[in-house]
Q: 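Before we start, here is the structure in question, set down as structure tokens.
None of these values were measured; they are calculated from a predicted model. Each chain gets a letter, A, B and so on, in the order the sequences are listed, and its residues count up from 1.
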Amino acid sequence: MKFDTPAGRNPIDQLKVVGRATDRIDGPFKTTGTANYAYDWHDPQSKAVYGFVVGATIAKGRIEAMALDEARAARGVLAIVTADNAGPLDKGKLNAAKLLGGPEVEHYHQAIALVVAETFEQARSAAALIRVDYAETKGEFDLAAVKDTGKPEKLAGAPSDTFIGDFSGAFASAPVQLDATYTTPDQAHAMMEPHASIASWDGDALTVWTSNQMIAWGTRDLALTLGIPKEKVRLVSPFVGGGFGGKLFLRAEAVLAALGARATKRPVKVALTRPLSFNNTVHRPATIQRIRLGATPDGTITAIGHESWSGNLPGGKPEAAVQQTRLLYAGANRMTQTRLAMLDLPEGNSMRAPGEAPGLMVLEIAMDEMAEKLGLDPVEFRIRNDTQVDPEKPERRFSQRSLIECLRKGAARFGWDKRIVKPGQVRDGRWLVGMGVAAAFRNNMNVKSGARVRLDGQGVVTVETDMTDIGTGSYTIIGQTAAEMMGLSLDRVVVRLGDSAYPVSSGSGGQFGANSSTSGVYAACIKLREAVARALGFNSEDAVFEDGRVRSGNRSVPLAEAGKAGDIVAEDTIEFGGDFSKTYQQSTFGAHFVEVGVDVSTAEIRVRRMLAVCAAGRILNPKSARSQVIGGMTMGVGAALMEELAVDTRRGFFVNHDLAGYEVPVHADIPHQDVVFLDETDPISSPMKAKGVGELGICGVSAAVANAVYNATGIRVRDYPLTLDKLLDRMPDAA
Amino acid sequence: MYGSEDLELNRRHLMAGASACAVATACPSTAWAAAENKSDPVMSKVSFTVNGMAHEVDIDTRTTLLDAVREHLHLTGAKKGCDHGQCGACTMIVDGRRINSCLTLAVMHHGDAITTIEGLGKPGDLHPMQAAFVKHDGYQCGFCTPGQICSGVAVLDEIKAGIPSHVTVDLTANAVITTDEIRERMSGNICRCGAYSNIIDAMTEVAGRQA
């Protein structure tokens, strides 16, 4: 199905199942330990053996020699895979560094060997016996030091530099100016499930139970890496223990499991150890960002400029931190610039809301600073600079844009009118209390997505698609979609996901999964409805599917009747086309409100209250959508207050490479979180009239926290995270 | 790797020396001589009950309780999130107390009664805490969930048993179930998806029903 005209009224609009707060259909499995994640698969007929990954302990250079004999001789060891004996390996289209290094080492903890043994303990112990001699070469590890060597680098679908009007002139002549530079650190996905795969060969056919957000990318890149036809590779990933972008791509453990299984002729299971995960895989790259805002005294932005510098390995991409600045606020004179420097740290790549998350961390502090310079309320300042059209191309309207409503509704609900503008004025015992606000913005992307649906003689509809559920609630919204389309209750629908044997879907990433994959199911169900109507002798145009029956005129037949003579199968793919992207800008919007307390003596920061108001099209399942948003808010608190991969700029690695050193929010850090969704449908987005929401939740949160800290203390921190050492020597008098 | 490689070597020599001493003083010399390959695993029989079922396993003494249950008994509900006691995904209830099963060796649990997530309830027959997690969407990816639920069940018991925490104001009075108490005690169970607010709602509901 081609989606190239705005959606009219369709069966989804009944909202008998879709749009209702619904318990997850996979919940009973997840809560009882019966959902199988990659490392949980167990085949009693073919016992898997264990692979243990060895990572390089230099950041850049060559392996001169690897002493493997002692490890090979250790009890239980079946094989040791290295670049020397693995045979020719290509590189996946989406990998910057090789997944099995050697002799060249491209980054610290790049995998250089896999030890396969009968037991995990034997593999681990033997791995420690491998001795490696390296010839180290000098690398670049310090973004600030190499920033000025950065080259213009285009972003996905956007040039490296954008200029509208006369930014320099307008900024120079603006009566009120802000020119400030900010930094965001390297961050880790730190999903709870480490990268894990079990690989098994049957002749020349490979099956890998893995944990991956994008089945089709993974299948393609694994086949490419191994040099085998992609038809010979099957990936199975029905449950993914968190990804946040870190599992968008084929990673080392899957390749090594396949190589280990080939070498031993046994199924091989490999999980990255937690300490290896941080340097072996990908991370959100650090940025240095400069914002320049010029405004008239009444608060109209006349110049808006955003520059961003980040680093990456050769072949890696820049962090697209400027992209929201092209769309979020009005202003006649605009510029953005993206520069990419070469760094020899592990590969930087997508992490939850790549681009916007670090971009808004910065832009939304700058907006707060500018509001203060103007003497304007930061909510009002943002409202004053709202735009209903793409500021660069005014002929392009936003399909929906309710930023003002999000801000106003949030302000009223949060009690924003009680905020004291002058910082450092509110005390609650030992706490200095402050409130902060930030806008949330994330583009809505639509991605081609397919599904297969089958009706059986019991009246049960089974959906199959390679879409993944990474905690987002895909199982449930896909089930809701099929139930709504076929006139069934949710318990009459079976959903099967995450298998490359199923039709290729959008996969999970960039908050495009929910809207795209359910639209694919919608398309397949339209075909199934036609086939059912034909089978029952109805005119498909006026057949009504409801309450488990198909009705036309006076005649009504149970849906199951259609499947009695044999299953009816339909398959389709939704493709998004037409001139929509020329005519409309599709984005999602929100407003985050945060209250913090800052200990007057220790500068310890505690988040006391949080509210998000979101406008993201139709909300398919308010229960799981709300969870997506509170999850984003939680990660945003982490980014604001604690998350930072500490770079050893001499040795070139992330020092705090475990969950004790890389701190993420825990229960005690997070208060009750309030989320409001505006009632919205967007017929431009898809037949579902929905949009993404999973990344909107993190966008702007960190800045709202930082702005609240400023309001509490009068201390403006422009370098994330806001750890207490950055506040202590500037804290207001405790008296 | 210069510098730190020296450290590695020193540590290895030190460890080798230390374990030789331990063998000489604590073990029968025949056991040492019999081992032809020094990487031969030292095996040990251990018996315990898991979810009420008796098990006896002959196991490498290096095997953690987590790996014994997951890899040998094939109860894979408890998860390995870090293998370091830093994340809580492996939480089990051992003799009524929650424990990071990755931080304890299987051989240390001879005779113990172990409860894993599979022992609390099943699909269609959920434990009240499991049902409350479903109702309040107290999970997202689900990987930390078995640990959260085992911890959650044990935490409510700890509070009822009067065991104080860091945030208990009055150590002489009975601890009461508050959201602050729950948040403090659950902070060893990380949820990167950020379901905390919902987990608190789920636990508060179960605590209220119990009270």
Q: Regarding B:D137 and A:R24, does a basic nitrogen lie under 4.0 Å from an acidic carboxylate oxygen?
A: yes
Q: Please classify the contact between A:Y662 and chain B as side chain, backbone, both or neither, with a heavy-atom cut-off of under 4.5 Å.
A: side chain
Q: Just how far is it from atom CD of B:Q86 to atom CG of A:D658, taken to the nearest 0.5 Å?
A: 4.0 Å
Q: What part of A:A188 gets within 4.5 angstrom of chain B, counting heavy atoms only: side chain, backbone, both, or neither?
A: backbone
Q: Working to the nearest 0.5 angstrom, can you tell me the gap between A:N36 CG and B:T76 OG1?
A: 5.0 Å
Q: Please give me the minimum heavy-atom distance between A:P671 and B:R183, naming the atom from each residue.
A: C-NH2, 3.8 Å
Q: Closer than 4.0 angstrom, basic N to acidic O: yes or no for A:D40 and B:R70?
A: yes
Q: So A:R274 and B:K80, side chain to side chain contact (heavy atoms under 4.5 Å, CB included) or not? Walk me through it.
A: CA-CA 9 Å; A:R274 180 59 66 179; B:K80 188 185 281 189; over 6 Å; no
Q: Heavy-atom distance under 4.5 Å to chain B: side chain of A:A660, backbone, both or neither?
A: both
Q: Do A:S627 and B:N198 have side-chain atoms, one donor and one acceptor, less than 3.5 Å apart?
A: yes
Q: Less than 4.5 Å to any heavy atom of chain B: does that hold for the side chain of A:F244, its backbone, both, or neither?
A: side chain
Q: Calculate, to the nearest 0.5 Å, the distance between atoms CZ and SG belonging to A:F239 and B:C141 respectively.
A: 11.0 Å
Q: Name the member of A:R352, A:K269, A:M610, A:M633 that forms the most heavy-atom pairs with chain B at distances under 4.5 Å.
A: A:K269
Q: In terms of heavy-atom pairs under 4.5 Å, which option from B:H127, B:K122, B:E71 contacts chain A the most?
A: B:E71
Q: Look at B:A131, B:A195, B:G81 and state which one has the largest set of heavy-atom pairs under 4.5 Å with chain A.
A: B:G81
Q: Main chain of A:A668, side chain of B:S187: is a donor-acceptor contact present, judged purely on distance under 3.5 Å?
A: yes
Q: Quick one: pull up CG in B:D67 and CZ in A:R124 and give me the separation to the nearest 0.5 Å.
A: 7.5 Å
Q: Checking A:T31 against chain B: side chain, backbone, both or neither under 4.5 Å from a heavy atom?
A: both
Q: Select one option (side chain, backbone, both, neither) describing which atoms of A:H672 are under 4.5 Å from chain B's heavy atoms.
A: both
Q: Please state whether the rings of A:Y37 and B:F143 are parallel, tilted or perpendicular, taking 30° and 60° as the class boundaries.
A: perpendicular
Q: What part of A:I470 lies closer than 4.5 angstrom to a heavy atom of chain B: side chain, backbone, both or neither?
A: backbone
